[in-house]
**Student:** 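Let me give you the structure first, and then I'll get to my questions.
Per chain, numbering begins at 1; letters A, B, ... match sequence-line order.
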Number of protein chains: 2
Amino acid sequence: MKKKKAPERPTQCRVLIQGVRDTQDLLNGKWKTPIIGALYYRGKMRFMELRRELDGIAPKMLSQELKDLEMNHLVTRTVHNTMPITVEYELTEQGKSLNSIIDAMGRWGIKYREQMLRA
Amino acid sequence: MKKKKAPERPTQCRVLIQGVRDTQDLLNGKWKTPIIGALYYRGKMRFMELRRELDGIAPKMLSQELKDLEMNHLVTRTVHNTMPITVEYELTEQGKSLNSIIDAMGRWGIKYREQMLRA
DNA sequence: GTAACTAGTTACCAAAAGGTAACCATCAAT
DNA sequence: ATTGATGGTTACCTTTTGGTAACTAGTTAC
């Protein structure tokens with residue numbers, strides 16, 4: 001029985017790498033993780049609250065990133081008919097489930113920084 | 001006793017966010033996680049082995065990314081005086097410790113994709 | 001009427017990321 | 001002498017990212 005030409009990479013592995021890529025794509029850019037973090041720790045927030053919380057983000061970026069997150073079903077946007085209108089952003093269940101990853105990244109980053117300083 | 005002006009965000013949280021940012025910076029770009037993944041699952045590898053494994057990466061990018069990873073102490077580079085010379089890249093302990101995160105991202109990504117297809 | 005808050009949008013610009021193609025030196029085999 | 005492997009480098013170009021500044025529209029307070 002002849003071996004097929006160079007398959008060699010387990011499908012399992014390829015699938016995992018695709019998963020990593022997907023996750024990275026959802027979290028790409030400078031602001032996505034801070035936004036998700038803020039929404040996770042503070043709960044639903046309005047546009048201006050987020051702006052103030054994130055400190056330094058331009059409205060253009062915030063709007064853009066929130067749209068991205070919404071399109072990817074990580075955040076919901078709801079308009080309230082108050083005067084003036086207010087808009088609330090909130091994490092979906094999927095969005096919330098990202099927290100374990102973001103948290104792991106946070107802890108790892110802290111440990112890394114410590115070890116770099118120690119060395 | 002008067003409150004200080006708008007401190008409000010727990011230091012703990014800021015530190016965590018910084019950690020996330022650090023981690024993201026180390027893993028930024030299209031190729032870092034695949035490279036680390038390959039080195040994790042296959043062990044030490046040579047330049048050309050990595051190139052073939054990663055499928056589609058230009059030598060320029062691979063070289064650049066490996067330099068980055070090396071500078072950040074996630075990968076070591078060792079030259080062997082064979083003929084022709086060979087160069088081996090290997091994960092450091094720090095580099096290996098990233099696997100839990102990359103793995104978590106992979107699993108999350110897979111689950112996310114499933115749920116998106118189901119919906 | 002003018003300023004300020006709500007939630008954004010638009011035009012413009014600079015920097016970074018990433019790809020292509022060509023090239024380099026060293027060595028081995030044909 | 002040419003081909004092909006090793007491990008890269010270089011110049012060039014396009015796309016993406018992210019920032020600034022100005023602007024919109026609706027409502028409220030002074």
**Student:** Expressed in angstrom and rounded to an integer, what is the separation of L62(A) atom CG from dT6(C) atom P?
**Tutor:**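 Those two atoms, CG and P, are 13 Å apart.
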
**Student:** Does a side-chain N or O of R77(B) approach OP1 or OP2 of dG8(D) to a distance below 4.0 Å, or not?
**Tutor:**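 Answer is yes, contact under 4.0 Å.
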
**Student:** Regarding R46(B), tell me which of base, sugar-phosphate or nothing describes its non-hydrogen contacts under 4.0 Å with the strands shown.
**Tutor:**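 Sugar-phosphate only.
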
**Student:** What about Y89(A) and V79(A), same hydrophobic cluster or not, with Ile/Leu/Val/Met/Phe/Trp/Tyr joined at side-chain heavy-atom distances under 4.5 Å?
**Tutor:**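 Cluster IDs for Y89(A) and V79(A) match.
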
**Student:** To the nearest angstrom, how far is K32(B) atom NZ from dA16(C) atom C1'?
**Tutor:**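 One finds 12 Å between C1' of dA16(C) and NZ of K32(B), rounded.
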
**Student:** Taking the nucleotide of DNA chain D with the closest heavy atom to each, which residue, E49(B) or M83(A), is nearer the 5' end?
**Tutor:**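 The residue closer to the strand's 5' end, by nearest nucleotide, is E49(B).
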
**Student:** Which part of the nucleic acid, if any, lies within reach of M48(B) when heavy atoms closer than 4.0 Å are counted: base, sugar-phosphate only, or nothing?
**Tutor:**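 Base: the residue M48(B), judged by heavy atoms under 4.0 Å, touches a nucleobase.
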
**Student:** Please give, in whole Å, the distance from dA7(C) P to L54(A) CG?
**Tutor:**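 In whole Å, dA7(C) P lies 14 Å from L54(A) CG.
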
**Student:** For the side chain of A58(A), counting heavy atoms from C-beta on, which of dT9(D), dT20(C), dT20(D) is nearest?
**Tutor:**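 The listed nucleotide nearest to A58(A)'s side chain is dT20(D).
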
**Student:** So which nucleotide from dT9(D), dT9(C), dT6(C) ends up closest to the side chain of P59(A)?
**Tutor:**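 Among the listed nucleotides, the one closest to the side chain of P59(A) is dT9(C).
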
**Student:** Quick check: do V87(B) and R77(B) have side-chain heavy atoms less than 4.5 Å from each other?
**Tutor:**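 Yes - at least one pair of side-chain heavy atoms lies under 4.5 Å apart.
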
**Student:** Whether E53(B) and R42(B) form a salt bridge (side-chain N of Lys/Arg under 4.0 Å from carboxylate O of Asp/Glu) is what I want to check.
**Tutor:**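 Yes, R42(B) and E53(B) are salt-bridged.
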
**Student:** Rounded off to whole Å, could you give me the CG-to-P distance for the D55(A) and dG19(D) pair?
**Tutor:**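 Going from D55(A) (CG) to dG19(D) (P), I get 12 Å.
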
**Student:** For nucleotides 14-18 of chain D, which of its nitrogen or oxygen atoms have a protein nitrogen or oxygen under 3.5 Å away, and what is each distance?
**Tutor:**
{"from": "dG18(D)", "atom 1": "OP1", "to": "K30(A)", "atom 2": "N", "distance (Å)": "3.0"}

**Student:** Within less than 4.0 Å of OP1 or OP2 of dC5(C), is there a side-chain N or O belonging to R52(A)?
**Tutor:**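 Checking dC5(C) against R52(A), no side-chain N or O comes under 4.0 Å of OP1 or OP2.
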
**Student:** Cut-off 3.5 Å, side chains only: do T33(A) and Q24(B) have a donor facing an acceptor?
**Tutor:**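 Short answer, yes.
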
**Student:** Does a side-chain N or O from T86(A) land closer than 4.0 Å to OP1 or OP2 of dA7(C), or not?
**Tutor:**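 No, outside the criterion.
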
**Student:** Honestly, is R21(B) close enough over W31(A), meaning NZ or CZ under 6.0 Å from the six-membered ring centre and within 45° of the axis?
**Tutor:**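 Yes - R21(B) lies over the ring of W31(A), closer than 6.0 Å to its centre and within 45° of its axis.
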
**Student:** Looking only at heavy atoms, which two atoms of A104(B) and I101(A) are closest? And how far apart?
**Tutor:**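 Answer, listing the atom of A104(B) first, then I101(A): O-CD1, 3.7 Å.
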
**Student:** Would you mind telling me which of dT9(C), dA7(C), dG26(D) lies closest to the side-chain atoms of K67(A)?
**Tutor:**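 That would be dT9(C).
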
**Student:** So, K32(A) and E65(A), do they make that salt bridge, N to O below 4.0 Å?
**Tutor:**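 Looking at K32(A) and E65(A), the cut-off is met.
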
**Student:** CZ of R51(A) versus C1' of dT9(C): gap in Å, rounded?
**Tutor:**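 Those two atoms, CZ and C1', are 13 Å apart.
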
**Student:** What integer distance in Å separates D68(B):CG from dG18(C):C1'?
**Tutor:**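 It is 13 Å, rounded to the nearest whole Å.
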
**Student:** Give the rounded distance in Å between these two atoms: CD1 of I35(B) and C1' of dG18(C).
**Tutor:**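 It is 13 Å, rounded to the nearest whole Å.
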
**Student:** Can you tell me the distance, in whole Å, between the CD atom of Q24(A) and the P atom of dA17(C)?
**Tutor:**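 Going from CD in Q24(A) over to P in dA17(C) covers 14 Å.
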
**Student:** Between D68(B) and Q64(B), is the side chain to side chain donor-acceptor pair (under 3.5 Å) condition met? List the steps.
**Tutor:** CA-CA 6 Å; D68(B) 272 14; Q64(B) 200 180 94; over 6 Å; no

**Student:** With a 4.0 Å cutoff (strictly under), does any side-chain N or O of T82(A) reach OP1 or OP2 of dT6(C)?
**Tutor:**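 Indeed not, no polar side-chain atom of T82(A) lies that close.
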
